[in-house]
2 protein chains.
Amino acid sequence: MVDKSKKEQILDAAEKAFSERGPFGVSLRDIARDADVDVSLVTYHLGKREDVYDAVIMRRLETLNTERRKYLDEAIRHAAPESPSLEAIIDAFSHAMLNRVETGGEGWGRYMSLIAQMNNNPEWGGKMMNRYFDPLVKSFVEVFREILPHADDADLYACYHFFSGALTLTFANTGRIDQLSEGSLKSADFDAMHQRLVPFICAGFRALCEKKEK
Amino acid sequence: MVDKSKKEQILDAAEKAFSERGPFGVSLRDIARDADVDVSLVTYHLGKREDVYDAVIMRRLETLNTERRKYLDEAIRHAAPESPSLEAIIDAFSHAMLNRVETGGEGWGRYMSLIAQMNNNPEWGGKMMNRYFDPLVKSFVEVFREILPHADDADLYACYHFFSGALTLTFANTGRIDQLSEGSLKSADFDAMHQRLVPFICAGFRALCEKKEK
DNA sequence: GTCTATAGCTTGATAGAC
DNA sequence: GTCTATCAAGCTATAGAC
């Protein structure tokens, strides 16, 4: 295995720190110390703290969203000329996250925590999520509309929002459910959680979007 | 209206800052400046930063959880001797949050953002949520078990987890859904979101927990 | 690319006046 | 309870050696 470049070391350290303490709770020195480099090198490679945070997000974003889009296309192609099932689409959106945390190493796990916290931040989080994810989400919403033709937009977007909250928390790796459930569920068993998430969310979508004959 | 005590002013300012920048992203000086008092007064009343954060959480926690427990008891009493409906219980858990953000002023809105971010933090968030909310949650889970007698614990807790993620994001006030939906949904219209949340979540619970005849 | 050195600001903590 | 004053430590940013 080739040595990681210093830049990668810095990004790894920053990812860890940001996921634990948030974008404003981390000093460049914290990052440099953990990456075992000098502070000035952080600035040299990545700029100011804000830019470091952005670089951390961007590093894995393309991989994640490209894989999601691939799953979406496959689901559509596989079902054609019929419409794909709702299950297939919910799975397409969430399965890439499952793949990464299961096989991508610790870094990807921390990345999911980062996204979950961004998703829930009132000040800048919503705007950043819009910037990074809305183009992809809109592609998915188009397909939802096709599968659930009687749904109105407000219901559809509300469903997506609930899905988003459940999904990001599920992969946020908080360990909460382990203690609450006294061992009957392991939050680190992402596969088991994901298997339950898909039918749960599909049932929710259908309850709101399916029988709108008023 | 009586003037707020300085201590309350400090807690208000801290709540705002913590909700925007996280528990590690706020200096005592940030808080003092916004509360229009000297730094040393923050320490005098509330101690170190960690203690300030804890005090912010504790200030509204009792109110929230007491109201939830009241709703739970009412739902049970109202349905007796039958079991209450799943809808009634999901509503009991979430309606207190709706009440507070609708009538409690800005502070309560920020508080919900704070809880949402705590819920999604991997390092300390899960532990704090366990500490603050598990006793109440366990009371609710007991009732879920009664209503859904064929569910096994793992499914039940997974459902609660998904509920928790959707619920906290819904009240986190991120504004995300406004832009994504191009105006067809206002995330500040909590009542409209809550009306959709309840049937969505109930359908999810039923999909996983109802027909376990294998 | 990587580090050392340094300048100037911000921070948490505390001692003491009123 | 509230404020002023102060200090050592930690912070960002940058200039410059290798």
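Protein chains get the first letters and strands the later ones, always in sequence-line order, with residue 1 at the start of each.
- Distance, A:Arg21 CZ to D:dG10 P: 14 Å, rounded to whole Å.
- Across all strands, B:Val39 comes closer than 4.0 Å to no nucleic acid atom at all (heavy-atom distances).
- Comparing D:dT2, D:dC11, C:dT2 against the side chain of A:Asp30 picks out D:dC11 as the nearest.
- Taking atom CG on B:Leu46 and atom P on D:dT2, their separation rounds to 11 Å, with Å as the unit.
- Whole-Å rounding puts the A:Asp36 CG to C:dT2 C1' distance at 13 Å.
- For the pair A:Ile10 CD1 and C:dG1 P, the computed distance is 11 Å after rounding to whole Å.
- Rounded to whole angstrom, the span from the NZ atom of A:Lys48 across to the P atom of D:dA13 amounts to 6 Å.
- Sequence order on DNA chain D of the closest nucleotides to A:Arg33 and A:Thr43 puts A:Arg33 first from the 5' end.
- In this structure, the CZ atom of B:Phe24 is 17 Å from the P atom of D:dG10, given to the nearest Å.
- Spacing between atom OH of B:Tyr44 and atom P of C:dG16 amounts to 17 Å, rounded to whole angstrom units.
- A 6.0 Å sphere centred on CD of A:Glu102 holds more than 12 heavy atoms belonging to other residues, nucleotides or ligands.
- Comparing atom distances between the A:His45 side chain and each of C:dG1, D:dG1, C:dT11 picks out C:dG1 as nearest.
- Between the CD atom of B:Glu50 and the C1' atom of C:dT11 there is a distance of 17 Å, rounded to whole Å.
- Candidate nucleotides C:dC3, D:dT2, C:dA13 were compared by shortest atom distance to the side chain of B:Arg29, and C:dA13 ranks first.
- Looking only at side-chain heavy atoms (C-beta outward), B:Ile57 and B:Met118 come within less than 4.5 Å of each other.
- In the set C:dG12, D:dC3, C:dC3, the nucleotide with an atom closest to the side chain of B:Asp38 is D:dC3.
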- Task: Quick one: do A:Tyr160 and A:Phe140 satisfy ring-ring contact (aromatic ring centres under 6.0 Å, His included)? Show the steps, please.
- Result: CA-CA 10 Å; A:Tyr160 170 74; A:Phe140 273 82; 8.7 Å; no

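- Counting non-hydrogen atoms of neighbouring residues, nucleotides and ligands closer than 6.0 angstrom, the NZ atom of B:Lys48 reaches no more than 12 such neighbours.
- Counting any heavy atom pair closer than 4.0 Å across all strands shown, B:Ser40 reaches a base atom.
- Side-chain N/O atoms of B:Arg49 include one lying less than 4.0 angstrom from OP1 or OP2 on C:dG12.
- Look at B:Lys7 and you won't find any side-chain N or O under 4.0 angstrom from OP1 or OP2 of D:dG1.
- Using a 30° and 60° split on the angle between ring planes, A:Phe18 and A:Tyr53 fall in the perpendicular class, above 60°.
- Distance from the side chain of A:Leu28 is smallest for D:dA13 among the nucleotides D:dC11, C:dT11, D:dA13.
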